[in-house]
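Below: one structure, written as structure tokens.
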Amino acid sequence: MPEGDTIYRSARTLKAALAGRAVTGFRTVLPHLARVDVDTPLIGRTVDDVVSRGKHILIYLSGDLILRTHMRMHGAWHLYRPGERWKQPGRDMRIVLATDAFEAIAFRVPVAEFRTAATLERDEVIQALGPDLLAEAPDLDEAVARLRALGETPLGDALLNQRAVAGIGNVFKSEICFAAGLSPHRPVGALDEAAVRRVLEIARQQLRANVPDARTAALAMWTGRRRTTGRAHPAQALWVYGRAGAPCRRCATAIQMVKQGPDARVTYYCPNCQR
């Protein structure tokens with residue numbers, strides 16, 4: 001499930017593979033992208049940069065063209081050498097961006113559009129994003145203020161609000177609440193500033209722990225498992241997520257699962273450790 005850590009890793013890997021190289025091929029099944037390619041061809045442009053913003057990936061091309069994609073629940077970018085067999089079926093392909101060294105394939109990506117620097121600056125979705133916890137120096141003061149402004153919204157739902165803070169998804173939501181010892185049902189506005197800041201610090205720590213060091217990150221998409229417990233064994237990687245009915249790793253109380261918010265997103269928690 002793509003969350004902030006997944007998107008950050010994908011953007012960094014795409015940058016390592018594509019940046020500085022000329023586009024040698026472009027294909028898409030999305031008519032609105034194909035129309036732009038016909039009017040202002042991508043072939044011959046250079047990939048200048050690839051960055052993540054929350055759960056968005058922005059691919060900057062020369063000539064003031066930016067490809068924005070959002071993975072939602074099931075989208076993914078893959079990298080292949082020219083001629084290498086894809087690991088996903090061709091029917092799931094949405095975009096192919098090729099250079100002489102790599103093909104970047106977007107599979108099942110539901111949101112993709114071209115922007116210029118000016119239109120991206122006016123893009124309401126991007127501009128409304130809260131501070132990105134994987135940024136070099138996120139504005140935690142702003143994130144604290146935005147979260148507390150959500151008032152009666154349960155903490156579990158508030159952490160998923162990308163307008164408050166960008167990058168947290170369903171897995172980390174449950175893990176962060178557990179690590180903070182806070183019920184996901186507690187209204188975020190009932191927490192004082194210090195408590196909200198501690199939640200965000202835990203969130204940043206967990207996200208960063210799941211992003212390999214840039215100096216050692218291989219030129220391959222992440223294939224490991226998320227870890228929040230610090231334990232290496234896959235069965236012990238997470239505190240509560242996906243463990244409904246299993247004993248809490250701290251107190252042995254059975255982990256509970258509920259559905260929260262208008263989208264009925266699942267939340268896992270320990271009713272004893274997170275009263």
Side-chain angles (χ1 to χ4, degrees), residues 2 4-72 75-82 84 93-107 109-129 131-139 162 166-167 207 211-222:
D5 62 325
T6 311
I7 303 304
Y8 183 93
R9 290 191 302 263
S10 296
R12 189 169 64 185
T13 302
L14 288 169
K15 179 177 180 177
L18 305 177
R21 296 186 178 273
V23 176
T24 58
F26 179 78
R27 288 189 289 137
T28 182
V29 298
L30 304 175
H32 59 287
L33 297 187
R35 191 176 308 116
V36 173
D37 183 46
V38 169
D39 295 339
T40 57
L42 269 72
I43 293 178
R45 296 175 186 263
T46 301
V47 179
D48 291 335
D49 200 3
V50 184
V51 300
S52 63
R53 291 281 301 276
K55 297 184 181 181
H56 303 260
I57 289 180
L58 304 174
I59 300 178
Y60 287 79
L61 300 158
S62 60
D64 192 22
L65 195 63
I66 304 163
L67 175 60
R68 178 181 78 87
T69 59
H70 192 296
M71 303 299 101
R72 298 294 188 200
W77 277 97
H78 285 207
L79 274 177
Y80 298 96
R81 295 288 185 179
E84 187 179 358
M93 182 275 284
R94 300 296 181 266
I95 303 166
V96 177
L97 185 67
T99 69
D100 61 339
F102 289 96
E103 287 184 338
I105 321 293
F107 292 104
V109 172
V111 178
E113 59 187 5
F114 283 116
R115 288 284 186 258
T116 64
T119 58
L120 187 66
E121 190 68 26
R122 298 193 300 270
D123 189 303
E124 293 183 359
V125 174
I126 294 294
Q127 298 308 316
L129 289 173
D132 188 335
L133 293 180
L134 282 171
E136 192 66 31
D139 188 342
Q162 300 300 297
L207 286 165
V211 176
D213 191 309
R215 295 169 296 180
T216 59
L219 216 170
M221 293 301 183
W222 179 253

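- Proximity of a side-chain donor or acceptor of Asp5 to a complementary backbone N or O of Leu207 within less than 3.5 Å is not detected.
- Listed for the Glu121 side chain is no donor-acceptor partner under 3.5 Å among the backbone atoms of Ala118.
- Side-chain atoms of Glu103 never come within 3.5 Å of backbone atoms of Leu79 as a donor-acceptor pair (strictly under, hydrogens ignored).
- Contact annotation: the side chain of Phe26 never approaches that of Val96 to less than 4.5 Å [non-hydrogen atoms, C-beta and beyond].
- Not counting sequence neighbours, the partners of Val111 by the side-chain contact (heavy atoms from CB on, under 4.5 Å) test are Arg68, His70, Arg72.
- Looking at Thr28, its side chain never comes within 3.5 Å of a backbone N or O of Ile95 through a donor-acceptor pair.
- Residues Ser10 and Thr13 bring no donor and acceptor atom of their side chains to less than 3.5 Å of each other.
- Val109 and Ala106 make their closest contact through CG2-CB, 3.5 Å (heavy atoms, listed as atom of the first residue, atom of the second, distance).
- Residues Lys55 and Gln162 meet the side-chain proximity criterion, which asks for heavy atoms closer than 4.5 Å.
- Going from atom OG1 of Thr24 over to atom CG of Leu42 covers 11.0 Å, rounded to the nearest 0.5 Å.
- Here the shortest heavy-atom pairing between Tyr80 and Glu84 reads CA-OE1, 3.4 Å.
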Item to complete: May I have the step-by-step check of side chain to side chain contact (heavy atoms under 4.5 Å, CB included) for Thr69 and Met71, ending in yes or no?
Response: CA-CA 7 Å; Thr69 59; Met71 303 299 101; 3.4 Å; yes
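- With Tyr8 as reference, Leu134 is the one residue of Asp132, Leu134, Ile57 to meet the side-chain contact (heavy atoms from CB on, under 4.5 Å) rule.
- Side-chain atoms of Val23 and Leu97, non-hydrogen and from C-beta on, do get closer than 4.5 Å to each other.
- Across all non-hydrogen atoms, the minimal contact from Ala11 to Val50 is O-CG1, 3.5 Å.
- Here the side chains of Ile105 and Trp77 are not in contact, with every heavy-atom distance at 4.5 Å or above.
- Other residues, nucleotides and ligands contribute over 12 non-hydrogen atoms within 6.0 Å of the CZ atom of Arg115.
- Val29 is listed as a side-chain neighbour of Arg94, based on a closest heavy-atom distance under 4.5 Å.
- Residues passing the side-chain contact (heavy atoms from CB on, under 4.5 Å) test with Val36 are Thr40, Leu65, Phe114, sequence neighbours excluded.
- The backbone N or O of Leu120 lies less than 3.5 Å from a partner atom in the side chain of Gln127, making a donor-acceptor pair.
- In terms of modelled atom types and a separation under 3.5 Å, the side chain of His56 and the main chain of Val125 share no donor-acceptor contact.
- Rounded to the nearest 0.5 angstrom, Ile66 CD1 and Asp123 CG are separated by 10.0 Å.
- Counting only residues at least two apart or on different chains, the salt bridge (Lys or Arg N to Asp or Glu O under 4.0 Å) pairs with a member in residues 30-54 are Lys15-Asp49.
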Worksheet item: Step by step, would you call Glu113 with Leu67 a side chain to side chain contact (heavy atoms under 4.5 Å, CB included)?
Response: CA-CA 6 Å; Glu113 59 187 5; Leu67 175 60; over 6 Å; no
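- Of the possible polar contacts, none joining the Asp100 side chain to the Arg21 backbone as a donor-acceptor pair under 3.5 Å is found.
- Looking at every heavy atom in both residues, Pro82 comes nearest to Ala101 through CD-O, 3.2 Å.
- We find the CG-CE distance between Leu30 and Met93 to be 9.0 Å, quoted to the nearest 0.5 Å.
- Taking both residues in full, the closest heavy atoms of Gly20 and Thr46 are given as C-CG2, 3.8 Å, listed atom of the first, atom of the second, then distance.
- Under the 4.0 Å criterion applied to side-chain N and carboxylate O atoms, Arg122 and Glu124 are not assigned as salt-bridge partners.
- Residues Leu61 and Val47 meet the side-chain proximity criterion, which asks for heavy atoms closer than 4.5 Å.
- Looking only at distances, no side-chain donor or acceptor of Thr99 sits under 3.5 Å from a matching main-chain atom of Ala22.
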